[in-house]
Amino acid sequence: EGSCAYALGVDGKVLATLSDVDVVSAHLVKGWSPKGLLDIVAAQTSGSTEYHALIDTGALITGMTNQEVAEYLLKSGLRNFGGVVFLSQRGERLVLLRDGLKVVGGTDL
């Protein structure tokens, strides 16, 4: 297994973006469940709140792999998106395409 080599300042830029109120919003969801949260994200439509990233740092979406989450989101909504980017269990960046639910990655991206 290799080790991560971070570029200087990247962590700070990510933190600055994720704490910028012009970029990120928060919503209190009472009585939530993992699939309930995914349903909220998947139900977005043009003109409503649009989500462009789901970062599950607290591992709230339990019992599903990242690919299963991507598939659930596409099957449940996200009509404005042709695919969902997710990380494989090995940390590879992959895309689940809406058309045929085909996973592409590596040189296909």
Side-chain angles (χ1 to χ4, degrees):
E1 304 265 344
S3 62
C4 293
Y6 294 99
L8 185 63
V10 169
D11 288 344
K13 289 178 184 176
V14 169
L15 186 58
T17 299
L18 293 178
S19 59
D20 183 343
V21 295
D22 292 328
V23 176
V24 177
S25 63
H27 306 280
L28 179 61
V29 179
K30 295 182 180 184
W32 65 272
S33 68
K35 286 194 176 177
L37 291 176
L38 294 177
D39 289 338
I40 291 169
V41 172
Q44 69 176 338
T45 58
S46 294
S48 70
T49 301
E50 287 194 3
Y51 300 100
H52 293 271
L54 174 61
I55 304 170
D56 187 13
T57 59
L60 298 176
I61 309 302
T62 57
M64 299 173 79
T65 65
N66 289 345
Q67 182 173 342
E68 290 169 336
V69 169
E71 185 172 335
Y72 185 90
L73 289 169
L74 287 175
K75 287 182 174 180
S76 300
L78 294 186
R79 299 291 173 228
N80 297 331
F81 293 87
V84 172
V85 178
F86 68 97
L87 296 178
S88 73
Q89 292 180 335
R90 293 188 310 248
E92 303 164 297
R93 184 183 59 179
L94 303 172
V95 178
L96 179 64
L97 300 174
R98 179 179 299 284
D99 185 26
L101 295 177
K102 178 184 175 187
V103 175
V104 296
T107 58
D108 294 332
L109 291 178

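All residue numbers in this chain count up from 1 along the given sequence. Keep in mind that this is a model prediction, so the values were computed, not measured.
Note that CG of N66 is 13.0 Å distant from CD of E71, once rounded to the nearest 0.5 Å. Annotation: the span from K102 atom NZ to L94 atom CG amounts to 12.5 Å, rounded to 0.5 Å.
Between P34 and T62 the shortest heavy-atom distance is CG-OG1, 4.1 Å. Nearest heavy-atom pair, A42 versus L73, reported as atom, atom and distance to 0.1 Å: CB-O, 3.8 Å.
Q67 places a side-chain heavy atom less than 4.5 Å from the side chain of V103. At least one side-chain heavy atom of L101 sits less than 4.5 Å from a side-chain heavy atom of K75. Here the side chains of S76 and D39 are in contact, with some heavy-atom distance below 4.5 Å. Between L38 and M64, the closest side-chain pair of non-hydrogen atoms falls below 4.5 Å. Considering only heavy atoms from C-beta on, L96 comes within 4.5 Å of F86 through its side chain. Proximity of L78 to V84: side-chain heavy atoms (C-beta onward) are separated by under 4.5 Å at one or more points.
In this structure, V69 is not a member of the same hydrophobic cluster as L87, with clusters built from ILVMFWY side-chain heavy atoms closer than 4.5 Å. Cluster membership for L54 and V29, using ILVMFWY side-chain heavy atoms within less than 4.5 angstrom, is shared. Note on I40: it clusters hydrophobically with W32, by side-chain heavy-atom contacts below 4.5 Å among ILVMFWY residues.
Annotation for D99: atom CG does not count as buried by contact number, only 12 or fewer foreign heavy atoms lying within 6.0 Å. At most 12 non-hydrogen atoms from other residues, nucleotides or ligands lie less than 6.0 angstrom from CD of Q89.
Put simply, the side chain of R93 never gets that close to the backbone of V85: no donor and acceptor are under 3.5 Å apart.
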